[in-house]
Number of protein chains: 2
Amino acid sequence: MNRDLGYTENQLKLARFSKALGHPVRVFIIELLLKQACCYSGDLTEILPIAKSTLSQHLKELKDAGLIQGEIESPKIKYCINRDNWNLARKLFNNLYK
Amino acid sequence: MNRDLGYTENQLKLARFSKALGHPVRVFIIELLLKQACCYSGDLTEILPIAKSTLSQHLKELKDAGLIQGEIESPKIKYCINRDNWNLARKLFNNLYK
DNA sequence: ATTTTTGTTCGTGTTTTTACGAATAATAAT
DNA sequence: ATTATTATTCGTAAAAACACGAACAAAAAT
């Protein structure tokens, strides 16, 4: 049974984006990427107090939500903000109180 | 073991607020409260396709996160946005990309 | 004093999230 | 061809989120 029918597309999207931001690690990552354009996941492993497999999961979460994207630079992967979706998230959030 | 040490207060707060907004029902509620000042939980029961006990949980979630507050008007409860925290959430989110 | 109205809490079950280490995959470097 | 580097996937476990109906609590109305 799909309870999501009945919510607008925008409500669903905003909930999705918000959920992706709903963990300190992921806030940290987004914050970093907004400040410094890009980073490698290895960089994050050194900073963050979590296992690399856990980090990978968080990155996947952000990627699946559309907030970031990864570009392969073998053997590394360069992560950046997905600007289109980030702007959409901003818009959806800021439109709430207008 | 507390992994939250190591994150800033603002990162933790933003994650908390985001998490609270991370469900369509809760986005819906916040949206409504921003539009029309206040509402009774009974009003929501009629609009939303969920059990009242489930709604109660979502309201509690929003309340615990500090995004809304309830005022007793027996036997009803009038819910409103918690403006201070909402403004803080706005600020924290919008400061991300500055 | 009952009954009605309104919401929360309880008990339960299912699903999702979070986390880890070990195993794996893919490419680069030797 | 091996080895090293980098990151994901797998297997597992514990905790939290989500949802429901039934039971309960509190105050208002009768």
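Throughout, protein chains are lettered first and strands after them, A, B, ... in sequence-line order, and every chain is numbered starting at 1.
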S.K.: Would you say the ring centers of A/Trp86 and B/Phe93 fall short of 6.0 Å from each other?
M.R.: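 Yes; B/Phe93 has its ring centre under 6.0 Å from that of A/Trp86.
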
S.K.: Check this one for me: any side-chain N or O of B/His58 less than 4.0 Å away from OP1 or OP2 of D/dA19?
M.R.: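 Checking D/dA19 against B/His58, a side-chain N or O does come within under 4.0 Å of OP1 or OP2.
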
S.K.: Taking only N and O in the side chain of A/Thr54, is any of them less than 4.0 Å away from OP1 or OP2 of C/dT18?
M.R.: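 No, outside the criterion.
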
S.K.: If you look at every strand shown and take non-hydrogen atoms under 4.0 Å, does B/Ser41 touch a base, only sugar-phosphate, or nothing?
M.R.: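 Sugar-phosphate, backbone atoms only, no base.
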
S.K.: How is A/Lys19 classified with respect to the nucleic acid when contacts are heavy atoms under 4.0 Å: base, sugar-phosphate, or nothing?
M.R.: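 Sugar-phosphate, no base atom in range.
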
S.K.: Can you tell me how far P of C/dG7 sits from CD of B/Glu46, to the nearest Å?
M.R.: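 Roughly 10 Å, once rounded to whole Å.
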
S.K.: Please give, in whole Å, the distance from D/dA19 P to B/Leu44 CG?
M.R.: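 The answer, rounded to whole Å, is 14 Å.
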
S.K.: At under 4.0 Å between heavy atoms, which parts of nucleotides 22-30 of chain D does protein reach? Answer with one letter per nucleotide, 5' to 3': B base, S sugar-phosphate only, - none.
M.R.: B----SS--

S.K.: Near DNA chain C, counting only heavy atoms under 4.0 Å, which residues of residues 62-72 of chain A show up?
M.R.: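 The answer is none.
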
S.K.: Could you please name the option among C/dA19, C/dG21, C/dT8 that lies closest to any side-chain atom of A/His23?
M.R.: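 Within the option list, the nearest is C/dA19.
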
S.K.: Looking at the side chain of A/Gln57, which of D/dA19, C/dC20, D/dT8 is the nearest nucleotide?
M.R.: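 Looking only at side-chain atoms, A/Gln57 lies closest to C/dC20.
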
S.K.: Which one, C/dG7, D/dC20, D/dT8, comes nearest to the side chain of B/Ile77?
M.R.: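 Per side-chain heavy atoms of B/Ile77, the pick is C/dG7.
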
S.K.: Excluding sequence neighbours, so at least two apart, what forms side chain to side chain donor-acceptor pair (under 3.5 Å) with A/Asp64?
M.R.: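 So A/Asp64 forms a side chain to side chain donor-acceptor pair (under 3.5 Å) with A/Lys60.
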
S.K.: Nearest whole angstrom, please: distance from the P of C/dT8 to the CG of B/Leu59.
M.R.: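 Rounded to whole Å, this separation is 6 Å.
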
S.K.: Side-chain contact, heavy-atom cut-off 4.5 Å: B/Leu14 with B/Leu96?
M.R.: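 Answer yes - side chains close enough.
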
S.K.: Of the listed nucleotides (D/dG21, C/dG7, D/dC18), which one gets closest to any side-chain atom of B/Lys76?
M.R.: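 Of D/dG21, C/dG7, D/dC18, C/dG7 is nearest to the side chain of B/Lys76.
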
S.K.: Mind calculating the distance between NZ (A/Lys78) and C1' (D/dT6) to the nearest angstrom?
M.R.: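 That distance rounds to 16 Å.
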
S.K.: Rounding to a whole Å, what distance do you find between A/Phe28:CZ and C/dT18:C1'?
M.R.: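 Computing the A/Phe28:CZ to C/dT18:C1' distance gives 18 Å.
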
S.K.: Looking at every heavy atom in both A/Ala65 and A/Ala20, which two are closest together, and how far apart are they?
M.R.: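 Smallest interatomic distance, heavy atoms only, reads CB-CB, 3.5 Å.
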
S.K.: Does A/Lys76 make a cation-pi contact with A/Tyr40 (under 6.0 Å, within 45 degrees of the axis)?
M.R.: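 Pair A/Lys76/A/Tyr40 counts as cation-pi.
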
S.K.: Classify the ring geometry between A/Tyr7 and B/Phe28 as parallel (under 30°), tilted (30 to 60°) or perpendicular (over 60°).
M.R.: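 Ring orientation of A/Tyr7 relative to B/Phe28: perpendicular.
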
S.K.: A/Tyr79 side chain N/O closer than 4.0 Å to the phosphate oxygens (OP1, OP2) of D/dT8?
M.R.: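 Checking A/Tyr79 against D/dT8: at least one side-chain N or O falls below 4.0 Å of OP1 or OP2.
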
S.K.: Mind telling me whether A/His58 and A/His23 have parallel, tilted or perpendicular rings, with 30° and 60° as the class edges?
M.R.: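 Tilted, since the angle between the ring planes falls between 30° and 60°.
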
S.K.: Are any side-chain N or O atoms of A/Asp43 and backbone N or O atoms of A/Cys39, one a donor and one an acceptor, separated by less than 3.5 Å?
M.R.: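 The answer is no, because no donor-acceptor pair under 3.5 Å joins these two groups.
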
S.K.: Please compare B/Leu55 and A/Gly22 by the position of their nearest nucleotide in DNA chain C and report the one closer to 5'.
M.R.: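 Upstream on the strand: B/Leu55.
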
S.K.: Quick one: B/Glu61 CD to D/dC18 C1', roughly how many Å, whole number?
M.R.: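 So the CD-C1' distance, B/Glu61 to D/dC18, works out to 10 Å.
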
S.K.: Please report the distance, rounded to the nearest Å, between CZ in B/Arg26 and C1' in D/dA16.
M.R.: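 Spelled out: CZ on B/Arg26 to C1' on D/dA16 is 12 Å.
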
S.K.: Consider the side chain of B/Lys60, meaning its heavy atoms from C-beta on, and name the nucleotide among D/dC20, C/dT18, C/dT9 that approaches it most closely.
M.R.: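 Among the listed nucleotides, the one closest to the side chain of B/Lys60 is C/dT9.
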
S.K.: For B/Ile50 and D/dC20, what is the distance between atoms CD1 and P respectively, to the nearest whole Å?
M.R.: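 Atom CD1 in B/Ile50 sits about 7 Å away from atom P in D/dC20.
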
